[in-house]
Amino acid sequence: QRLFVVLFAGAMLHGAGGVPVAVDPQGYLWQVGSTASAFFVATPGVVQPKITGESDVYLIRYNREGTAVEAATYLGGKLNDSVAAIAFDESGNVYLRGMSASEDFLGGTILRPNGPSTGLPPSNPFLAKLDRDLRRVEYVFNLGVTNGTYYGLAAGADGSVFTMQVNCGVRGGFCSAEAYRVGPEG
């Protein structure tokens, strides 16, 4: 059963293994992915109204009826940025987990703990928190390992966020699972 269709400008929209969608606690549908398009339509007053890199994350909040886009923004830096998961806390804050090769991702907040081994910039996993209107970035964390596989993202009732990753070959050839919890204030 088709619930609704909303048309918006923007070519070359894509997601990592599909386009993640989610419904927030207030009942709004959200879509997130990556784009290389400069024709994606960001809404006024958002964090990043224009594309800044080779590909940037995009984030869209539709109204409850599905008849219009209420908020839409790019998120990224000069290189390739992607997103794999979205979650919300009870206040409606938005949490994203993805990868960034951009040292200037969201204003230079992605730090590089590992230098490039191939001469190319490494991609680093990030965890970001934005307000529900996409006007403010609360925090961005670099999760620090460039060759991990990332699983899950969940927000707790108190505003804490949880994510997990599996890293192989970084500790003597073994795999390790790492879980992260970030408190409500970052």
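Reckoned from all heavy atoms, side chains included, excluding hydrogens, waters and symmetry mates.
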Measure across [X] and [Y] and return the closest heavy-atom pair with its distance rounded to 0.1 Å.
X: A42; Y: P49; answer: CB-O, 3.4 Å
X: G92; Y: Q26; answer: CA-OE1, 3.7 Å
X: N80; Y: S102; answer: N-OG, 4.0 Å
X: Q48; Y: G76; answer: OE1-N, 2.9 Å
X: A101; Y: L79; answer: O-CD1, 3.1 Å
X: A87; Y: A155; answer: CB-N, 4.2 Å

| request: Supply the atom-to-atom distance Y95 OH to T163 OG1, rounded to the nearest 0.5 angstrom. | output: 13.0 Å
| What's the spacing between L130 CG and E138 CD if we round to 0.5 Å? | 8.0 Å
Any side-chain heavy atom of [X] within less than 4.5 Å of one from [Y]?
X: I86; Y: V94; value: yes
X: D56; Y: L75; value: no
X: T43; Y: T73; value: no

| task | Inspect the contact between D131 and R61 and indicate whether a charged nitrogen and a carboxylate oxygen are less than 4.0 angstrom apart. | result | no
| said: If you apply the rule side chain to side chain contact (heavy atoms under 4.5 Å, CB included), what do you find for R97 with F126, and how did you get there? | reply: CA-CA 6 Å; R97 182 184 44 77; F126 70 83; over 6 Å; no
| note | Applied to residues 70-93, the ring-ring contact (aromatic ring centres under 6.0 Å, His included) test, sequence neighbours excluded, yields W30-F88, F40-Y74
Just by modelled atom types, is the [Y] backbone N or O under 3.5 Å from a matching donor or acceptor in the [X] side chain?
X: R181; Y: F162; answer: no
X: T52; Y: G77; answer: yes
X: D158; Y: S160; answer: yes

| Partners of S91 by side-chain contact (heavy atoms from CB on, under 4.5 Å), sequence neighbours excluded? | D89, N93
| request: Decide yes or no on side chain to side chain contact (heavy atoms under 4.5 Å, CB included) for D24 and R132, but give the supporting numbers first. | output: CA-CA 9 Å; D24 70 17; R132 73 173 309 276; 4.0 Å; yes
| Polar side chain donor-acceptor pair, E70 to Y62, under 3.5 angstrom | no
| query | Under the side chain to side chain contact (heavy atoms under 4.5 Å, CB included) criterion, do V32 and I60 qualify, and how do the steps go? | reply | CA-CA 6 Å; V32 64; I60 303 168; over 6 Å; no
| task | Carefully, step by step, assess L153 and L127 under the rule side chain to side chain contact (heavy atoms under 4.5 Å, CB included). | result | CA-CA 9 Å; L153 180 63; L127 175 64; 3.7 Å; yes
